Amino acid sequence: IRMVLIGPPGAGKGTQAPNLVNKFGACHLATGDMLRSQIAKGTDLGKEAKKIMDQGGLVSDEIMVNMIKDELLNNPACKKGFILDGFPRTIPQAEKLNAMLIEQNTPLQNAVELKVDDDLLVARITGRLIHQASGRSYHKLFNPPKEDMKDDVTGEPLIQRSDDNAEALKKRLGAYHQQTEPIVEYYKKSDIWSGIDASKKPTEVWEDILIALNKN
Ligand code: AP5
Ligand code: ZN
């Protein structure tokens, strides 16, 4: 499968992506996770990105496009297909991705939009816990880990993201509506778009994603 997951912060992109990977055997490329791994390693890019991410802004298109291109071309796990999560996030990113995929003869097949109203996202974001190394996400109330504050798979501690506070969320939502939502129109034009009500329970959202993928 070759698809992108689009949706505001807290829509459930990172929650649903592992289901897609299990089902289709594609790679999961989450640009936010990739940036957080640069931060954890203390690279120059990580230092630069952290300032922008903590303020809820967007990292430059050039950096993000190069990061994704590198993975798509060189990561063997992506040969079977890919699930992009958090990319593209602007029209220029969508256009550059398209050009690259067409050049490789592997055009995008699906653009799935997870739709949730802003007012539901505050509780999702402020209650989220993540496992840093894998990017797995949990929720204090909606999706608690089996053991308190520990990752189900590795048993390692769960942490809160530094941009998961009400103030940064407001800016992330603003960036989503202004810069990312226009890519929905872009994908609608090419007939690969499906919109999903992602305010439902995670299992119901997953069923609706499968229905949407079968339709296209
Ligand atoms: P990124 O990491 O992509 O953050 P985001 O887009 O804000 O999305 P989130 O990870 O917050 O949401 P999600 O949809 O994955 O939600 P999740 O499944 O975890 O990007 C971070 C930053 O990096 C950006 O702000 C930007 O600065 C930079 N960046 C990244 N990519 C970039 C790019 N391409 N260009 C420029 N800059 C870029 O779910 C959230 C919570 O809700 C969890 O606790 C979960 O358990 C719970 N939950 C999930 N589904 C449900 C449900 N159905 N019902 C109830 N609870 C649910
Ligand atoms: Zn995510």
Side-chain angles (χ1 to χ4, degrees), residues 4-20 28-39 45-46 48-69 71 83-94 96-97 112-118 120-132 134-145 151-152 158-165 167-181 183 196-209:
V4 301
L5 276 175
I6 306 162
K13 304 180 293 294
T15 299
Q16 299 297 336
N19 296 334
L20 288 157
H28 171 208
L29 300 181
T31 41
D33 290 351
M34 289 155 76
L35 290 169
R36 281 183 289 278
S37 120
Q38 294 287 323
I39 295 173
L45 169 58
E48 192 61 33
K50 182 169 169 51
K51 288 184 230 156
I52 298 167
M53 291 165 78
D54 283 350
Q55 285 167 14
L58 295 185
V59 176
S60 83
D61 287 339
E62 200 196 343
I63 290 176
M64 300 316 300
V65 169
N66 286 334
M67 201 177 250
I68 281 289
K69 273 194 180 174
E71 287 289 322
I83 321 290
L84 301 186
D85 157 1
F87 184 97
R89 236 179 173 92
T90 63
I91 291 280
Q93 289 182 17
K96 294 205 170 84
L97 174 69
V112 172
E113 180 191 5
L114 301 179
K115 303 204 273 186
V116 191
D117 287 342
D118 287 9
L120 281 179
L121 298 171
V122 181
R124 286 199 190 178
I125 288 293
T126 51
R128 170 166 52 191
L129 300 167
I130 63 158
H131 176 241
Q132 173 99 337
S134 67
R136 264 186 293 281
S137 71
Y138 300 84
H139 192 281
K140 286 174 190 166
L141 303 173
F142 309 145
N143 179 24
D151 177 44
D152 288 353
L158 300 177
I159 57 159
Q160 200 158 25
R161 267 168 54 172
S162 59
D163 60 345
D164 277 354
N165 54 72
E167 198 190 343
L169 175 63
K170 223 176 183 179
K171 301 214 182 102
R172 287 157 65 195
L173 285 171
Y176 182 77
H177 293 307
Q178 278 160 28
Q179 290 174 271
T180 307
E181 246 170 6
I183 71 174
I196 305 248
D197 175 2
S199 64
K200 298 184 194 173
K201 283 192 293 189
T203 48
E204 292 172 330
V205 174
W206 171 232
E207 280 166 24
D208 290 347
I209 291 175

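One-based numbering, in listed order, for ligands and for the atoms of each. Along the sequence shown, residues carry numbers from 1. This structure is a prediction, so every number in the text was calculated from the model and none was measured.
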request  = With heavy atoms under 4.0 Å as the rule, classify the contact between Tyr176 and ligand 1 as side chain, backbone, both or neither.
outcome  = neither
query = At a 4.0 Å cut-off, with the gap strictly under it, does some heavy atom of Ala11 reach an atom of ligand 1?
reply = yes
query = Is the backbone of Ala123 close enough, under 3.5 Å, to the side chain of His139 for a donor and an acceptor to pair up by distance?
reply = yes
ask   = Relative to ligand 1, is Met64 under 4.0 angstrom through side chain, backbone, both or neither, heavy atoms considered?
value = side chain
Heavy-atom proximity to atom 14 (O) of ligand 1, best of Lys13, Gln16, His139 = Lys13
ask   = Can you name the residues that form a side-chain contact (heavy atoms from CB on, under 4.5 Å) with Glu204, not counting sequence neighbours?
value = Lys200, Lys201
inquiry  = If I apply the N/O under 3.5 Å rule, does Leu35 come out as touching ligand 1?
reply    = no
Reported CG-to-OG distance for the pair Leu129 and Ser137, which is rounded to 0.5 angstrom = 9.0 Å
request  = For Arg124 and Ala11, indicate whether the former's side chain and the latter's backbone hold a donor-acceptor pair under 3.5 Å.
outcome  = yes
message = Side chain or backbone, does Lys201 bring an N or O within less than 3.5 Å of an N or O on ligand 1?
response = no
Residues, nucleotides or ligands: over 12 heavy atoms within 6.0 Å of Gln178 CD = no
query = What's the shortest distance from atom 49 (C) of ligand 1 to any protein heavy atom, and which residue and atom give it?
reply = Thr15 OG1, 3.3 Å
note = Interatomic distance, NZ@Lys50 vs OG@Ser162, rounded to 0.5 Å, equals 3.5 Å
message = Under the salt bridge (charged side-chain N to carboxylate O under 4.0 Å, His left out) definition, can you give me all pairs with a residue in residues 167-181, not counting sequence neighbours?
response = Asp163-Arg172, Asp164-Arg172
message = Checking the side chain of Tyr138 only, and the main-chain atoms of Gly127 only, is there a donor and an acceptor separated by less than 3.5 Å?
response = no
remark   = Heavy-atom proximity to atom 41 (C) of ligand 1, picking from Lys140, Arg124, Gln93, Arg161, points to Arg124
inquiry  = Geometry only, no angles: is Gly12 polar-contacting ligand 1 at N/O separations under 3.5 Å?
reply    = yes
Carboxylate-amine/guanidinium proximity below 4.0 Å for Asp61 and Lys96 = no
request  = Could you tell me whether Val59 and ligand 1 have an N or O pair separated by under 3.5 Å?
outcome  = yes
request  = Tell me, with the steps shown, if Glu48 and Gln38 meet side chain to side chain contact (heavy atoms under 4.5 Å, CB included).
outcome  = CA-CA 10 Å; Glu48 192 61 33; Gln38 294 287 323; over 6 Å; no
key: Under 3.5 Å donor-acceptor, Thr31 side chain and Gly86 backbone   = yes
request  = Would you check the N or O atoms of Ser137, main chain and side chain alike, for any that come under 3.5 Å of an N or O of ligand 1?
outcome  = yes
task = For atom 1 (P) of ligand 1, state which one of Arg172, Gln160, Arg89 supplies the nearest heavy atom.
result = Arg89
query = Are any of the N or O atoms of Asp85 closer than 3.5 Å to those of ligand 1?
reply = no
ask   = Starting from atom 43 (C) of ligand 1, which protein heavy atom do you reach first, and at what distance in Å?
value = Tyr138 O, 3.6 Å
query = Do any N/O atoms on Lys200 end up under 3.5 angstrom from N/O atoms on ligand 1?
reply = yes
Residue, atom name and distance, where the atom is the protein heavy atom closest to atom 12 (O) of ligand 1 = Gly10 N, 2.8 Å
ask   = Got the closest protein heavy atom to atom 23 (O) of ligand 1, with its distance?
value = Met53 CE, 3.4 Å
ask   = Does a side chain donor of either Asp118 or Tyr176 reach within less than 3.5 Å of an acceptor in the other side chain?
value = no
query = Does an N or O from Ile52, backbone or side chain, lie closer than 3.5 Å to an N or O of ligand 1?
reply = no
Polar atom proximity, Gly86 to ligand 1 (N or O, under 3.5 Å) = yes
Atom indices of ligand 1 within 4.0 angstrom of Thr31 heavy atoms, with elements = 30 (C), 31 (N), 32 (C), 34 (N)
ask   = Gly14 heavy atoms, cut-off 4.0 Å: which ligand 1 atoms fall inside?
value = 13 (P), 15 (O), 18 (O)
query = Can Ile125 be said to touch ligand 1, with heavy atoms closer than 4.0 Å?
reply = yes
inquiry  = Could you tell me, atom by atom, which parts of ligand 1 come under 4.0 Å of a heavy atom of Pro202?
reply    = 51 (C), 52 (C), 53 (N), 54 (N)
message = Any side-chain to backbone donor/acceptor pair from Gln16 onto Gly12? Under 3.5 Å, distance only.
response = no
ask   = Nearest protein heavy atom to atom 9 (P) of ligand 1, by residue and atom, and its distance?
value = Arg128 NH1, 3.3 Å
message = Please compare Lys171, Arg36, Met34 and report which has the shortest non-hydrogen distance to atom 2 (O) of ligand 1.
response = Arg36
inquiry  = Run Ile125 and Arg161 through side chain to side chain contact (heavy atoms under 4.5 Å, CB included) and show every step you take.
reply    = CA-CA 9 Å; Ile125 288 293; Arg161 267 168 54 172; over 6 Å; no
query = Would a distance-only check, ignoring hydrogens and angles, find a side-chain to backbone donor-acceptor pair under 3.5 Å from Asn165 to Ala168?
reply = yes
request  = Give a yes/no verdict on whether any heavy atom in Gly57 is under 4.0 Å from an atom of ligand 1.
outcome  = yes
key: For Phe142, atoms of ligand 1 separated by under 4.0 Å from a heavy atom   = 55 (C), 56 (N)
Main-chain N/O of Pro8 paired to Lys13 side chain as donor or acceptor, under 3.5 Å = yes
